[in-house]
Amino acid sequence: SGGVDSSLIAVLAGLPCVAVGLPGSHDLERAAYVAEKLGLSLHTVELTPAMISAALHAVVPVIPDKNPVDASIATTLYCVAAWAAEHGYTRILAGQGADELFGGYARYLVSTDLAGDLEKDFRGLAAQSARDQAVGGLHGTSFSLPYLDIRVVRAAQALPPAGMVAGGVRKRDLRRVAEREMPPDIARYEKKAMQYGSGVWKVIRNLAREN
């Protein structure tokens with residue numbers, strides 16, 4: 001989607017990339033910009049409200065926690081997994097876990113107990129993984145999460161939380177690492193979550209008004 005989490009994985013892996021979103025959405029435009037700068041092979045999937053509606057109906061029965069946020073994330077990932085399966089891929093590298101490990105959420109900027117919040121959110125990753133793998137399984141695919149490799153987790157948890165979020169900057173340590181692999185404007189770029197940047201959330205909100 002052009003954020004630092006997925007961009008770092010993409011440039012290190014050097015594999016074909018896919019971005020999904022409504023035509024003209026932030027994520028499609030940003031992904032195209034980053035892919036060009038980093039010399040990555042990018043495939044884009046332009047979603048329609050009908051595609052998003054069909055994906056939503058497919059994921060709601062299988063995700064463990066049926067709330068609007070999880071449903072919107074699952075819908076976005078469903079479209080990624082559908083493209084992967086259609087093109088013969090069974091494993092998808094994704095950036096989940098970086099926010100919880102390296103301090104990526106906006107609420108961390110005003111946290112009074114950053115270490116505690118990071119620990120709590122990290123414990124919630126198991127539920128997120130169950131959601132994502134359930135969605136991937138609908139297409140015979142699975143999501144591989146490099147940030148949740150035990151070596152990365154241990155390295156992240158050894159870092160002082162106070163250094164991860166400071167001066168209004170989130171994921172400072174991760175961005176420093178990313179700057180070794182990509183231009184600073186990409187490593188330092190802050191973007192919205194996938195369901196917002198892709199436009200999926202807006203469509204689901206409109207569907208909810210209708211039904």
**Student:** Just do the salt bridge (Lys or Arg N to Asp or Glu O under 4.0 Å) check on Arg30 and Asp27 with the steps written out, would you?
**Tutor:** CA-CA 5 Å; Arg30 183 67 188 176; Asp27 280 7; over 6 Å; no

**Student:** Restricting to non-hydrogen atoms, name the atom on Arg170 and the atom on Ala106 that form the minimum distance, rounded to 0.1 Å.
**Tutor:**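 Shortest heavy-atom contact: NH1-N, 3.3 Å.
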
**Student:** List in chain and number order the residues that pass side-chain contact (heavy atoms from CB on, under 4.5 Å) with Arg123, two or more places apart in sequence or in another chain; answer none if no residue qualifies.
**Tutor:** Glu119, Lys120

**Student:** Assess whether atom NZ of Lys37 is packed by more than 12 heavy atoms of other residues, nucleotides or ligands within 6.0 Å.
**Tutor:**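 Open: at most 12 neighbouring heavy atoms sit under 6.0 Å from NZ of Lys37.
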
**Student:** Determine whether Pro146 and Val152 make a side-chain contact, defined as any pair of heavy atoms from C-beta on separated by less than 4.5 Å.
**Tutor:**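 No - every pair of side-chain heavy atoms lies 4.5 Å or more apart.
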
**Student:** Do you know the tightest heavy-atom contact between Leu38 and Pro183?
**Tutor:** CD2-CD, 3.8 Å

**Student:** Within this structure, what is the OG-CG distance for the pair Ser72 and Asn67, rounded to the nearest 0.5 Å?
**Tutor:**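 Reported to 0.5 Å precision, the distance equals 8.0 Å.
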
**Student:** Give a yes or no answer on whether the side chain of Arg175 reaches the backbone of Tyr189 with a donor-acceptor pair at less than 3.5 Å.
**Tutor:**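 Yes, the answer is positive, given that a donor and an acceptor are paired below the 3.5 Å cut-off.
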
**Student:** Keeping to residues at least two apart or across chains, list the ring pair (Phe, Tyr, Trp, His ring centres under 6.0 Å) pairs with something in residues 125-178.
**Tutor:** Tyr78-His139

**Student:** Measure the spacing between CG of Leu101 and CG of Leu159 and express it to the nearest 0.5 Å.
**Tutor:** 9.5 Å

**Student:** State, yes or no, whether a side-chain contact exists between Gln96 and Leu125 at a heavy-atom distance under 4.5 Å.
**Tutor:**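 Side-chain contact under 4.5 Å: no.
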
**Student:** How close do Leu118 and Pro161 get, heavy atom to heavy atom, and via which atoms?
**Tutor:** CD1-CB, 4.0 Å

**Student:** Please tell me whether Val165 and Val169 are part of a single hydrophobic cluster in this structure, the criterion being side-chain heavy atoms less than 4.5 Å apart.
**Tutor:** no

**Student:** Can you give the donor-acceptor pairs under 3.5 Å from side chains of residues 40-63 to other protein atoms, not counting sequence neighbours?
**Tutor:**
unit_1 : atom_1 : unit_2 : atom_2 : d
Thr48  : OG1    : Met51  : N      : 3.1
His57  : ND1    : Ser53  : O      : 2.8

**Student:** Could you tell me which non-hydrogen atom of Thr75 sits nearest to which non-hydrogen atom of Ile204, and how far apart they are?
**Tutor:**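 Answer, listing the atom of Thr75 first, then Ile204: OG1-CD1, 3.9 Å.
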
**Student:** If we only count heavy atoms from C-beta on, is the Arg188 to Glu179 side-chain gap below 4.5 Å?
**Tutor:**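 Side-chain contact under 4.5 Å: yes.
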
**Student:** For a 4.5 angstrom cut-off between non-hydrogen side-chain atoms, does Val20 reach Ser1?
**Tutor:** no

**Student:** On a heavy-atom basis, which atom in Asp117 and which in Ser111 lie closest, and how many Å separate them?
**Tutor:**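 That closest heavy-atom pairing would be OD2-OG, 2.5 Å.
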
**Student:** Tell me every residue that passes side-chain contact (heavy atoms from CB on, under 4.5 Å) with Leu12, counting only those two or more places apart in sequence or in another chain.
**Tutor:**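 With neighbours one apart ignored, the set is Leu8, Glu181.
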
**Student:** Measure from the side-chain N and O atoms of Arg91 to the backbone N and O of Ser142, and report whether any donor-acceptor pair falls under 3.5 Å.
**Tutor:** no

**Student:** I want to check something: taking the side chain as every heavy atom from C-beta on, are Tyr33 and Asp185 in contact at a cut-off of under 4.5 Å?
**Tutor:**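 Yes; the side chains approach each other to less than 4.5 Å.
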
**Student:** Who are the side-chain contact (heavy atoms from CB on, under 4.5 Å) partners of Lys192, not counting sequence neighbours?
**Tutor:**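 Partners of Lys192 by the side-chain contact (heavy atoms from CB on, under 4.5 Å) criterion, ordered by chain and then number, come out as Tyr196.
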
**Student:** Grab the two heavy atoms, one from Pro64 and one from Ala130, that are nearest each other, plus how far apart they are.
**Tutor:**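 Of all heavy-atom pairs spanning Pro64 and Ala130, the closest is CG-CB, 4.1 Å.
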
**Student:** Which residue pairs pass the salt bridge (Lys or Arg N to Asp or Glu O under 4.0 Å) test when at least one of the two sits in residues 101-116, sequence neighbours left out?
**Tutor:** Arg107-Asp121

**Student:** Going from CZ on Arg131 to CG on Leu77, what distance comes out if it is rounded to the nearest 0.5 angstrom?
**Tutor:** 6.5 Å

**Student:** CE/Met164 to OH/Tyr108 distance, rounded to the nearest 0.5 angstrom?
**Tutor:** 9.5 Å

